[in-house]
Student: 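Handing you a structure now.
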Amino acid sequence: MCGIVGYVGKRQAAPVLLDGLSKLEYRGYDSAGMAVYDGKKIQMQKATGRLKVLDEQTHGGRTMPGTIGIGHTRWATHGAPNDLNAHPHYNQDETIAVVHNGIIENYLKLKKKLTAKGYTFRSDTDTEVVAMLLDYYYKGDPIEAITKVMHRVEGSYALGIIFSAHPDLVYAVRKDSPLIVGKAEDGNLIASDVPAVLKYTREVYFIQNEEIGVLSESQIRFYNIDGEEIEKEAKQIEWDINAAEKGGYEHFMLKEMNEQPKTVSDTLNPRIKDGKIVIEELGMSDEEIRSLRKIHIVACGSAYHTGVTGKYVFEGLARIPVEVDLASEFRYRGPILDEGTLVIIVSQSGETADSLAALREAKKCGALTLGIVNVVGSSIAREADRVMYTWAGPEIAVATTKAYTAQLIALYLLAMKFALVRGRLSDEACASMIKDLKAIPAQIQMLLANKGDIQRFANRYIAAKDVFFIGRGIDYAISLEGSLKLKEISYIHSEAYAAGELKHGTISLIEEGTLVTAVVTQEELYKKTISNIVEVRTRGAFVMAVTNEDNTEIEKTADYVIYIPKTNKYFTNSLAIIPLQLFSYYVSVGKGLDVDKPRNLAKSVTVE
């Protein structure tokens with residue numbers, strides 16, 4: 001949510017800012033703006049709508065000369081999406097400019113105080129309060145003013161700040177919302193995420209909570225909230241820059257779906273050594289694993305759906321009780337975290353605000369925490385007791401595909417490891433499961449090759465108003481994700497239900513021509529789910545079934561069948577989700593929608 005880019009160096013700043021912001025469009029936004037110091041004053045330009053509007057207004061940045069500046073893509077929280085509320089924001093005499101990601105929770109109280117002291121506000125945003133408060137505290141020392149602001153504001157923030165009185169410095173400030181610093185040969189940068197700086201550098205500093213970065217053309221310094229200088233170590237980003245580009249695909253989502261075979265291999269192969277599961281980064285002794293009494297899996301959105309699958313896999317293989325929680329609910333229900341509890345936090349970005357808050361709550365309660373994340377150095381990765389990376393590479397499309405698939409693989413491996421240590425899985429059974437895991441990349445590739453048939457079917461449902469997904473057990477977890485994919489990028493109303501719940505009210509929604517997608521991969525539940533298919537078909541539904549290649553009997557009851565290759569029953573999600581991703585993608589494309597940047601959504605949700 002929101003994207004920040006800042007630059008100081010030898011280049012013209014505005015084109016660098018526009019380029020960096022274009023790499024952050026996936027974060028979700030409704031307006032954009034830039035502030036550039038031109039040698040005399042801070043010039044500002046803002047535009048409602050897509051970044052291309054700002055690009056056109058400034059002729060690619062050429063009408064905003066200057067070698068220092070900050071840019072922003074805004075996702076509205078306080079105030080309507082318009083030019084006035086777009087970032088950056090000035091102080092009263094336009095000598096300070098600020099961009100902000102996050103929410104200032106006490107902004108009304110601060111605004112009232114500043115208004116009483118004669119400050120006049122132009123916008124409805126909470127961010128403008130930060131600009132005015134900086135002005136109020138500034139007495140010639142920016143660090144002193146910034147630290148005083150940090151002590152006064154409550155909430156989450158990543159800030160980029162420039163002062164006309166210090167025309168060679170960009171200031172970066174962080175609490176809870178992500179912000180990085182990139183060190184380049186011809187200048188230095190700040191950004192909300194790594195893709196924005198990859199074109200210029202792979203040497204990155206991760207700013208931690210309540211830290212300040214000060215960037216000049218040739219130097220980077222860091223301070224804590226008390227204004228004391230601190231040392232930080234740069235990290236080398238291993239991503240290939242091409243991983244953050246479309247690479248000839250029409251959309252990032254299509255590219256990332258096609259990267260799933262590699263994603264599975266990259267997440268799996270380093271953890272299989274000599275036919276055994278080795279998760280070195282886990283750092284848990286066999287005694288600790290055997291002493292586990294309960295697992296909580298906590299996540300949001302698609303990551304939550306991997307947790308629902310994880311519950312079935314952990315309980316089925318390792319016989320450890322598992323609760324799956326939405327991160328936004330976890331800490332507010334007063335979770336009971338007894339001794340022997342492991343809390344697993346799953347997040348692609350490692351910056352998801354609700355998941356990060358849940359992690360902190362779990363640690364406060366004394367539970368052991370494990371982060372499953374995709375971004376090295378992210379907040380969850382740093383704060384969790386243990387971390388397991390998914391190695392999916394940068395995921396740009398808002399609707400996750402390859403990161404979801406990688407999270408599933410991580411949970412499979414973890415459950416198998418725990419089951420082995422606890423004596424619930426034999427070496428022979430584990431070897432068979434590893435064989436099935438290694439076959440998944442090729443099986444996904446085969447399913448992706450079937451995209452033509454799925455596209456033709458998807459074209460029939462471009463005008464659909466309601467679509468329902470049903471399944472039992474792991475198939476219900478698959479249905480949850482399939483439904484989310486469709487609704488988030490096609491804007492079609494879609495719901496997922498445990499198939500056995502249809503008769504408890506939901507079946508009243510089925511009418512002639514309604515599309516029902518039935519996921520049927522759990523062999524012991526075939527007959528039960530087929531009965532549910534018959535129930536909806538007799539009420540006029542058209543049924544698309546996703547099932548195993550040996551379940552040809554289903555053709556007698558379903559109208560359209562997609563078969564997936566044979567695999568272990570615990571791993572079917574990794575295969576069954578592929579045609580559902582493709583279906584959602586082609587419905588969205590057929591409707592002419594912005595697949596990678598669906599309305600109202602953000603890739604990394606960094607506010608509660």
Student: Does K294 pair with E323 as a salt bridge, N-O distance under 4.0 Å?
Tutor: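 Looking at E323 together with K294, the answer is yes, because their closest N to O distance falls below 4.0 Å.
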Student: Between E395 (side chain only) and K402 (backbone N and O only), is there a donor and an acceptor less than 3.5 Å apart?
Tutor: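 It does hold such a pair.
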Student: Indicate yes or no: at least one non-hydrogen side-chain atom of T547 is less than 4.5 angstrom from one of V561.
Tutor: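 In contact.
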Student: Using the side chain to side chain contact (heavy atoms under 4.5 Å, CB included) definition, which of the options F468, F542, F469 pairs with T517?
Tutor: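 Among F468, F542, F469, the one that satisfies the side chain to side chain contact (heavy atoms under 4.5 Å, CB included) with T517 is F469.
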Student: Got a salt bridge between K273 and E280, using NZ or NE/NH1/NH2 to carboxylate O under 4.0 Å?
Tutor: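 Answer for the salt bridge query: yes.
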Student: Name all residues meeting the side-chain contact (heavy atoms from CB on, under 4.5 Å) criterion together with R386; count only those two or more places apart in sequence or in a different chain, and write none if there are none.
Tutor: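 Listed in chain order: M284, E288, L368, L370.
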Student: Are R422 and L292 side-chain neighbours, meaning at least one heavy-atom pair lies under 4.5 Å?
Tutor: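 The answer is yes; the side chains approach within 4.5 Å.
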Student: Under a 3.5 Å distance rule, please check whether D559 uses its side chain to pair with a backbone N or O of V543 as donor and acceptor.
Tutor: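 Yes, D559 side chain to V543 backbone: donor-acceptor pair under 3.5 Å.
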Student: Does the side chain of T521 come under 3.5 Å of the side chain of N548 through a donor N or O and an acceptor N or O?
Tutor: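 Looking only at side-chain atoms, N548 and T521 do not form any donor-acceptor pair under 3.5 Å.
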Student: Do NZ/NE/NH1/NH2 and the carboxylate oxygens of R271 and E281 come within less than 4.0 Å?
Tutor: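 Yes, charged N to carboxylate O under 4.0 Å.
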Student: Which of parallel (below 30°), tilted (30 to 60°) and perpendicular (above 60°) describes Y560 and F457?
Tutor: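 Answer is parallel, since the angle falls under 30°.
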Student: What's the verdict on side-chain hydrogen bond (donor to acceptor under 3.5 Å, both in side chains) for E481 and S302, showing C-alpha distance, side-chain angles and the deciding distance?
Tutor: CA-CA 6 Å; E481 178 62 10; S302 294; 2.9 Å; yes
Student: Is there a side-chain contact between Y404 and N573, using heavy atoms and a 4.5 Å cut-off?
Tutor: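 The answer is yes, as the side chains (C-beta and beyond) meet within the 4.5 Å cut-off.
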Student: Compare all side-chain heavy atoms of S574 with those of V264 and state whether any distance is below 4.5 angstrom.
Tutor: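 Side-chain contact under 4.5 Å: no.
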Student: Looking at D338, is its backbone amide N or carbonyl O close enough to the side chain of T341 to form a donor-acceptor pair, meaning the two atoms are under 3.5 Å apart?
Tutor: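 Here the side-chain-to-backbone pair exists.
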Student: Given side chains that start at C-beta, do those of I489 and L593 come closer than 4.5 Å, heavy atoms only?
Tutor: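 Side-chain contact under 4.5 Å: no.
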Student: Is it the case that over 12 heavy atoms from other parts of the model lie below 6.0 angstrom from the CD atom of E287?
Tutor: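 Open.
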Student: When you check the gap from the basic side-chain N to the acidic O, do D176 and R360 get nearer than 4.0 Å?
Tutor: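 Salt bridge between D176 and R360, a charged N being under 4.0 Å from a carboxylate O: yes.
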Student: About how many Å separate CD1 of I577 and OG of S479, when rounded to the nearest 0.5 Å?
Tutor: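 These two atoms lie 8.5 Å from each other.
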Student: Under the side-chain contact (heavy atoms from CB on, under 4.5 Å) rule, collect the residues that match up with A381, sequence neighbours excluded.
Tutor: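 For A381, the residues satisfying side-chain contact (heavy atoms from CB on, under 4.5 Å) (neighbours in sequence not counted) are V373, S378, V387, Y389.
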Student: Side chains of V467 and Y461: does their closest heavy-atom pair fall under 4.5 Å?
Tutor: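 No. Closest side-chain heavy atoms not under 4.5 Å.
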Student: Are E351 and S379 linked by a side-chain donor-acceptor pair shorter than 3.5 Å?
Tutor: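 Checked: E351/S379 side chains pair up, N/O donor to acceptor below 3.5 Å.
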Student: Is there a side-chain contact between V520 and N551 in this structure, where contact means two heavy atoms from C-beta onward sitting under 4.5 Å apart?
Tutor: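 Contact flag for V520/N551 side chains = yes.
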Student: Tell me if the CD atom of E549 is crowded by more than 12 foreign heavy atoms within 6.0 Å.
Tutor: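 More than 12 within 6.0 Å, yes.
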Student: Could you go through L317 and M433, starting from their C-alpha distance and side-chain angles, then the distance that decides it, and tell me whether this counts as side chain to side chain contact (heavy atoms under 4.5 Å, CB included)?
Tutor: CA-CA 11 Å; L317 287 176; M433 294 180 79; 3.7 Å; yes
Student: Decide side chain to side chain contact (heavy atoms under 4.5 Å, CB included) for L420 and D427; before the verdict, give the C-alpha distance in whole Å, the side-chain angles of both, and the deciding distance to 0.1 Å.
Tutor: CA-CA 7 Å; L420 278 166; D427 290 338; 3.7 Å; yes
Student: Please check this pair: side chain of Q522 against backbone of I474, looking for a donor-acceptor N/O pair closer than 3.5 Å.
Tutor: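 Checking the backbone N and O of I474 against the side chain of Q522, no donor-acceptor pair under 3.5 Å is found.
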Student: For the residue pair Y412 and Y570, is the inter-centroid distance of their aromatic rings smaller than 6.0 Å?
Tutor: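 Y412 vs Y570: aromatic centres not under 6.0 Å.
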Student: Just wondering, do T572 and L575 contact through their side chains at under 4.5 Å, heavy atoms?
Tutor: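 When only atoms from C-beta onward are counted, T572 and L575 do not touch, as no gap falls below 4.5 Å.
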Student: Under 3.5 Å, side chain of D325 to main-chain N/O of F330, donor-acceptor pair present?
Tutor: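 Not confirmed, D325 side chain does not pair with F330 backbone.
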Student: Check whether the side chains of Q260 and T405 place a donor and an acceptor atom closer than 3.5 Å, and report yes or no.
Tutor: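 Note: Q260 and T405 side chains meet the donor-acceptor criterion.
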Student: Please check: side-chain N/O of S483 versus main-chain N/O of L480, any donor-acceptor pairing under 3.5 Å?
Tutor: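 Here the side-chain-to-backbone pair does not exist.
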